[in-house]
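Here's the structure, in structure tokens; my notes come after.
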Amino acid sequence: MSYETILVEQRGAVTLITLNRPQALNALNSQVLADLIAALAAFDADDSQRCAVVTGSEKAFAAGADIKEMQSQSFADMYGHNFFAGYDRVTATRKPWIAAVNGFALGGGCELAMMADFIIAGDNAKFGQPEIKLAVTPGMGGSQRLTRAIGKAKAMEMCLTGRMMDAHEAERSGLVAKVVPAAELVDEAMKTATAIAAMAPLAALACKEMVNAAFETTLQQGVIFERRLFHGLFGTEDQKEGMAAFVEKRPGNWTGK
Ligand code: HXC
């Protein structure tokens, strides 16, 4: 399938999705959203694919929601059509996916990166929620996900001043999992994704669900949820294979069952 605003490539069990609107620094318009939803749904539905990487260009992961598309919208347009609600379908992706960020990840770009399971940043990455400079606010979850990722003090400061945070500060603050040289970003993210893709698929789904549950539940309920999923994995063939492979000192061979 071909898309208008993204490039999609399968490398083994990893799907690489590259935002491709260079003329607008990958600003996220409705077409990008439609393309992303379709590509991530196709990735989720394809049993040969186990992990995805979403990246942009060396200059910009994405410089935000498309300001030119939003400029003339009224409250009735935005509220009536529940503008940005489509991003709920992006976050509904069940398999693991990584945001590989070089350059600007601003506004909706930062918010899209935070929808990923984790972020790997190139050392030239710049994160920010500059919407306040346009007299609006984050609208794709930024005020919530940034606060959960880096805490109130820094999130509030970022949202109120609109300043950018560089890759190293983002790593220190817990926004990104690791920083790599910009030129090696996609290779490094693909390596990490390939390692995840080699894990037993049901265990990977379960890991993602339980870590995400930490943001939605109390500690006690989260621990119970984890334990139930953990118990459930003992009903899988891959658990038997994984533990047998350990005992027999050989790599596991997964069926995804
Ligand atoms: C539409 C955008 C854009 C955006 C850049 N462009 N960001 N178009 N929406 N978010 C376009 C520019 O208009 C320009 O097009 C081209 O991309 C190159 O951008 P320049 O500004 O010329 O590049 P540069 O000088 O290198 O500056 C890079 C930049 C700057 C610092 C990232 O582009 C910038 O500040 N962009 C806006 C960042 C922002 O405010 N993001 C938040 C958006 S609101 P032309 O045609 O002139 O060449 C948002 C809200 C989410 O995300 C939810 C609430 C509403």
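The structure displayed is predicted, hence computed values, not measured ones. Ligands are counted one by one from 1 in listed order, and the atoms in each one are counted from 1 as well.
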Within-cut-off N or O pair, T137 and ligand 1, under 3.5 Å: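 No: no nitrogen or oxygen of T137 is under 3.5 Å from one in ligand 1.
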Min N/O separation P130 to ligand 1 under 3.5 Å: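 No.
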Salt bridge or not for [X] and [Y], using N-O below 4.0 Å?
X	Y	answer
R228	E209	no
E184	K191	no
E131	K133	no

State whether a side-chain donor-acceptor pair under 3.5 Å links [X] with [Y].
X	Y	result
D46	S48	yes
S30	E69	yes
D44	Q49	no

Residue that, paired with D117, satisfies salt bridge (Lys or Arg N to Asp or Glu O under 4.0 Å) out of R94, K95, K208: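 Among R94, K95, K208, the one that satisfies the salt bridge (Lys or Arg N to Asp or Glu O under 4.0 Å) with D117 is K208.
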Check each heavy atom of [X] against ligand 1 and say whether those closer than 4.0 Å belong to the side chain, the backbone, both or neither.
X	value
A65	both
A63	both
M70	side chain

Residue and atom name of the nearest protein heavy atom (relative to atom 50 (C) of ligand 1), distance in Å to one decimal: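 Answer for atom 50 (C) of ligand 1: E131 CG, 3.3 Å.
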Distance from atom 6 (N) of ligand 1 to nearest protein heavy atom, with residue and atom: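 Looking at atom 6 (N) of ligand 1, the protein heavy atom closest to it is A24 O, 3.8 Å.
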Would [atom] count as contacted, meaning some protein heavy atom under 4.0 Å?
atom	value
atom 25 (O) of ligand 1	no
atom 44 (S) of ligand 1	yes
atom 48 (O) of ligand 1	no
atom 34 (C) of ligand 1	no
atom 22 (O) of ligand 1	no

Examine distances only and state if a side-chain atom of [X] and a backbone atom of [Y] form a donor-acceptor pair shorter than 3.5 Å.
X	Y	answer
N102	A125	no
N26	R21	yes
D35	Y3	no

Below 4.0 angstrom from a heavy atom of [X], which ligand 1 atoms are there? Numbered from 1 as shown, please.
X	result
G108	49 (C), 52 (O)
L106	32 (C), 38 (C)
G139	53 (C), 54 (C)
G107	42 (C), 52 (O)

Using non-hydrogen atoms of the residue, decide whether [X] is closer than 4.0 angstrom to ligand 1.
X	value
E111	yes
Q23	yes
K59	yes

Best match, I67, L134, L25: closest heavy atom to atom 9 (N) of ligand 1: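 Comparing heavy atoms across I67, L134, L25, the nearest one to atom 9 (N) of ligand 1 lies in I67.
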Among R21, M164, K68, Q71, closest by any non-hydrogen atom to atom 46 (O) of ligand 1: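 Among R21, M164, K68, Q71, the closest heavy atom to atom 46 (O) of ligand 1 belongs to K68.
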Inter- and intrachain pairs under ring-ring contact (aromatic ring centres under 6.0 Å, His included), touching residues 54-83, at least two apart: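 Every ring-ring contact (aromatic ring centres under 6.0 Å, His included) pair that includes a residue of residues 54-83, provided the two are not neighbours, is F75-Y79.
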Hydrophobic cluster membership, L185 vs M165, 4.5 Å side-chain cutoff: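 No: no chain of side-chain contacts under 4.5 Å links L185 to M165.
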V186 vs T55 side-chain heavy atoms within contact, under 4.5 Å: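 They are in contact (side-chain heavy atoms under 4.5 Å apart), so the answer is yes.
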